[in-house]
Peer 1: 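Structure incoming, see below.
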Amino acid sequence: MRILGIETSCDETAAAVIEATGPAARPCIRILSNVIASQAKLHAKFGGVVPHLAKREHQRNLVPVFSMALREAGLRNPKAEARNPKQILDSKFKILNSILEREPDLLARVLKRVAPLKPPAIDAVAVTVGPGLAPALWVGVNFAKALAYLWEKPIIPVNHLEGHIYTNLLPQFDRVERRKTKVQCFRSPIPYLLTPIRFPALCLIVSGGHTELVLMPGRSRYRVIGETRDDAAGEAFDKVAKMLGLGFPGGPVISRLAERGNLHAISFPRPMLHAANFDFSFSGLKTAVLYTIRDRRRLTERAKRDIAASFEQAAVDVLVAKTVRAAGQYRVKTVMIGGGVAANKKLRADLGQALQRSLPDTCYLTPDTSLTGDNALMIALAGYFNRKKKTARWAAIRADANLRLR
Ligand code: KG4
Ligand code: ZN
């Protein structure tokens, strides 16, 4: 089964193609392509993702990213164009126009570059339908609908957070062919056997928009047992970075600075650490950092490093303590992490050590750091596990900015 994945929920425009072979429960996956164009630089000027700019950029980038994903996957060559593009366009224009009514820039690109293509050899289009920024999500969803209509292929609607969870099943890609230009791209023709998850499992999802502890009693079954009451973990990293004048996104810069700082320098609060639930709160921690900065007359480089290290340790302590406690209480057999903040070295290491200490029989999985940020490979993979949801009724597919895992 070959699946094209599409992801536009936030500020990454991404497309990927995977091929699954072998037994359905434990397939072999080949990554035929995984292409990501990031808008981070554009949004950096505003200190956060601006939804209408994200929509504009997705409209610009989606067709080139998609074309590259097909080309890398060997599913498109220039000679494969349909014989009568003009005729196809005339007959399909009206419906394409209605699907992409709200994305006129994308419509123009689809008419020019996508409609004349022969349908490639894929079995379904998996697309992120939520959660995320509504204007951004709709670009990907409407593009997937246009493809489904043009090629007569089914759509698999995917929950973005499920994608982050499934990155844990892939191996670490130390030796993978990777290119990093304006768009990030990698492919791996070697088939990978997915890591089996022993259930019940627990996944800590930590990103710019989410902080959730998700219990999985079995495959594709989810129960959110804890979540943030205010800021998401990644958002706290981003806001602290902004206060320190370090740019956006803040997570990577903070953690780099923190490596050379003293994590005991400032004793920041660990919000909700001892609360009798699995919820999180990061706004108090963020405010404590703000006061610390305000109280200093001058912010030396050393002070910045110490604040970064002390803040990172406080945030990681809460994430680790709650995850380990939940793992023990629900007697889970596997603990996983996912989302942008899962790239954080301190979090990965401290959680591993804490599990080793308190629950040594628990299997601890972490995703390759190239897959912690948003990408379409994870959406294609989640699409594979949700293949029963595939539908030819593309017209009924909708984006849902507040989609929950269930
Ligand atoms: O999953 P993601 O790419 O996008 C969302 O769905 O939000 O996550 C982005 C978030 C940003 O807040 C970014 O600062 C954070 O992940 N992040 C990190 C690190 N790398 C990215 N946070 C802490 N440490 C990192 N190394
Ligand atoms: Zn994400």
Side-chain angles (χ1 to χ4, degrees), residues 5-14 36-41 43-44 46-51 54 58 128-134 136-137 140 158-168 184 203-212 214 227-228 231-244 246-259 261 282 285-286 308-309 311-320 337-351 366-379 381-382 401-403 405:
I6 292 168
E7 156 66 37
T8 64
S9 68
C10 191
D11 61 343
E12 250 85 53
T13 314
I36 307 164
S38 175
Q39 307 170 7
K41 264 201 188 135
H43 299 288
F46 305 94
V49 181
V50 185
H58 285 313
T128 303
V129 293
L133 303 169
L137 284 166
V158 169
N159 182 313
H160 178 83
L161 300 179
E162 213 177 342
H164 277 306
I165 295 175
Y166 282 120
T167 55
N168 285 280
Q184 215 193 93
C203 188
L204 171 70
I205 301 177
V206 265
S207 71
H210 298 272
T211 303
E212 293 187 4
V214 182
E227 61 196 321
T228 182
D231 294 349
E235 198 178 350
F237 274 86
D238 293 338
K239 287 179 176 168
V240 167
K242 198 170 175 182
M243 293 174 206
L244 292 171
L246 299 172
F248 173 87
V253 210
I254 294 272
S255 69
R256 240 179 289 129
L257 266 192
E259 279 177 23
F282 291 100
L285 171 58
K286 176 191 70 187
F311 158 76
E312 181 182 63
Q313 191 61 54
V316 166
D317 279 352
V318 183
L319 293 170
V320 168
I337 53 174
V341 186
N344 187 278
K345 283 189 201 156
K346 193 94 194 52
L347 173 63
R348 292 164 87 97
D350 283 15
L351 182 56
T366 54
D368 184 90
T369 45
S370 69
L371 291 182
T372 50
D374 293 344
N375 63 80
L377 167 55
M378 69 184 195
I379 302 307
L381 197 57
N402 302 312
L403 187 67
L405 272 172

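Note that the structure is predicted; figures quoted are calculated from it, not measured. Counting starts at 1 for both ligands and their atoms, following the listed order.
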Peer 1: Tell me: protein heavy atom nearest atom 18 (C) of ligand 1, and distance?
Peer 2: Gly251 CA, 3.4 Å

Peer 1: Give the numbers and elements of all ligand 1 atoms closer than 4.0 Å to a heavy atom of Gly234.
Peer 2: 12 (O)

Peer 1: Considering only non-hydrogen protein atoms, determine which one is nearest to atom 26 (N) of ligand 1 and report residue, atom name and distance to 0.1 Å.
Peer 2: Ser255 OG, 3.5 Å

Peer 1: Is the distance between the ring centroids of Phe46 and Phe248 under 6.0 Å?
Peer 2: no

Peer 1: Nearest 0.5 angstrom please: Ile379 CD1 to Asp374 CG, how far?
Peer 2: 8.0 Å

Peer 1: Is any side-chain heavy atom of Leu244 closer than 4.5 Å to one of Ile254?
Peer 2: yes

Peer 1: Please write down residue, atom name and distance for the protein heavy atom closest to atom 24 (N) of ligand 1.
Peer 2: Asn344 ND2, 3.0 Å

Peer 1: Do Asp317 and Gln313 pass the side-chain contact (heavy atoms from CB on, under 4.5 Å) test, and can you show the C-alpha distance, the side-chain angles, and the key distance before you say yes or no?
Peer 2: CA-CA 6 Å; Asp317 279 352; Gln313 191 61 54; 2.8 Å; yes

Peer 1: Flag Gly340 as yes when one of its N or O atoms lies below 3.5 Å from any N or O atom of ligand 1, and as no otherwise.
Peer 2: yes

Peer 1: With a 4.0 Å heavy-atom cut-off (strictly under), which part of Asp238 contacts ligand 1: side chain, backbone, both or neither?
Peer 2: side chain

Peer 1: Heavy-atom distances under 4.0 Å are what count here, so tell me which part of Cys10 touches ligand 1: side chain, backbone, both or neither.
Peer 2: neither

Peer 1: Quick check: closest heavy atoms across Thr369 and Arg348, and the distance to 0.1 Å?
Peer 2: CG2-NH1, 3.6 Å

Peer 1: Please examine the side chains of Glu212 and Ser207, heavy atoms only from C-beta on, and report whether any two atoms are closer than 4.5 Å.
Peer 2: no

Peer 1: Against heavy atoms of Gly250, which atoms of ligand 1 measure under 4.0 Å?
Peer 2: 14 (O)

Peer 1: Any idea which heavy atoms bring Gly250 and Ala241 closest together, and the distance?
Peer 2: CA-CB, 3.3 Å

Peer 1: Does only the side chain of His160 get under 4.0 Å from ligand 1, or the backbone, or both, or neither? Count heavy atoms.
Peer 2: side chain

Peer 1: Under 4.0 Å, heavy atoms only, figure out whether ligand 1 is touched by the backbone of His164, its side chain, both or neither.
Peer 2: side chain

Peer 1: Side-chain contact, heavy-atom cut-off 4.5 Å: His160 with Met378?
Peer 2: yes

Peer 1: With side chains defined as the heavy atoms from C-beta onward, is the minimum distance between Thr167 and Thr372 less than 4.5 Å?
Peer 2: no

Peer 1: Hey, which atoms in ligand 1 end up nearer than 4.0 Å to a heavy atom of Gly209?
Peer 2: 7 (O)

Peer 1: Could you identify the single nearest non-hydrogen protein atom to atom 9 (C) of ligand 1 and state the distance to 0.1 Å?
Peer 2: Gly208 N, 3.7 Å

Peer 1: Is there a side-chain contact between Leu405 and His210, using heavy atoms and a 4.5 Å cut-off?
Peer 2: no

Peer 1: Is there a nitrogen or oxygen of Asp374 sitting under 3.5 Å from a nitrogen or oxygen of ligand 1?
Peer 2: yes

Peer 1: Is there side-chain contact between Leu137 and Val129, with heavy atoms separated by less than 4.5 Å?
Peer 2: no

Peer 1: Which protein N, O or S atoms lie under 2.8 Å from the Zn ion (ligand 2), given by chain and residue number?
Peer 2: His160 NE2, His164 NE2, Asp374 OD1

Peer 1: Test of understanding: with salt bridge (charged side-chain N to carboxylate O under 4.0 Å, His left out), list the residues that count as partners of Lys286, not counting sequence neighbours.
Peer 2: Asp231

Peer 1: Please check whether Gly373 reaches ligand 1 - meaning an N/O of the residue sits under 3.5 Å from an N/O of the ligand, judged on distance alone.
Peer 2: no

Peer 1: Would you say Arg256 contacts ligand 1, with heavy atoms under 4.0 Å as the rule?
Peer 2: no

Peer 1: Are side-chain heavy atoms of Lys346 and Glu259 found at a separation under 4.5 Å?
Peer 2: no

Peer 1: Decide yes or no for Lys345 and Ser255: does some side-chain heavy atom of the first lie under 4.5 Å from some side-chain heavy atom of the second?
Peer 2: no

Peer 1: If you have a sec, work out which protein heavy atom is nearest atom 15 (C) of ligand 1 and how many Å separate them, to one decimal?
Peer 2: Val341 CG2, 3.9 Å

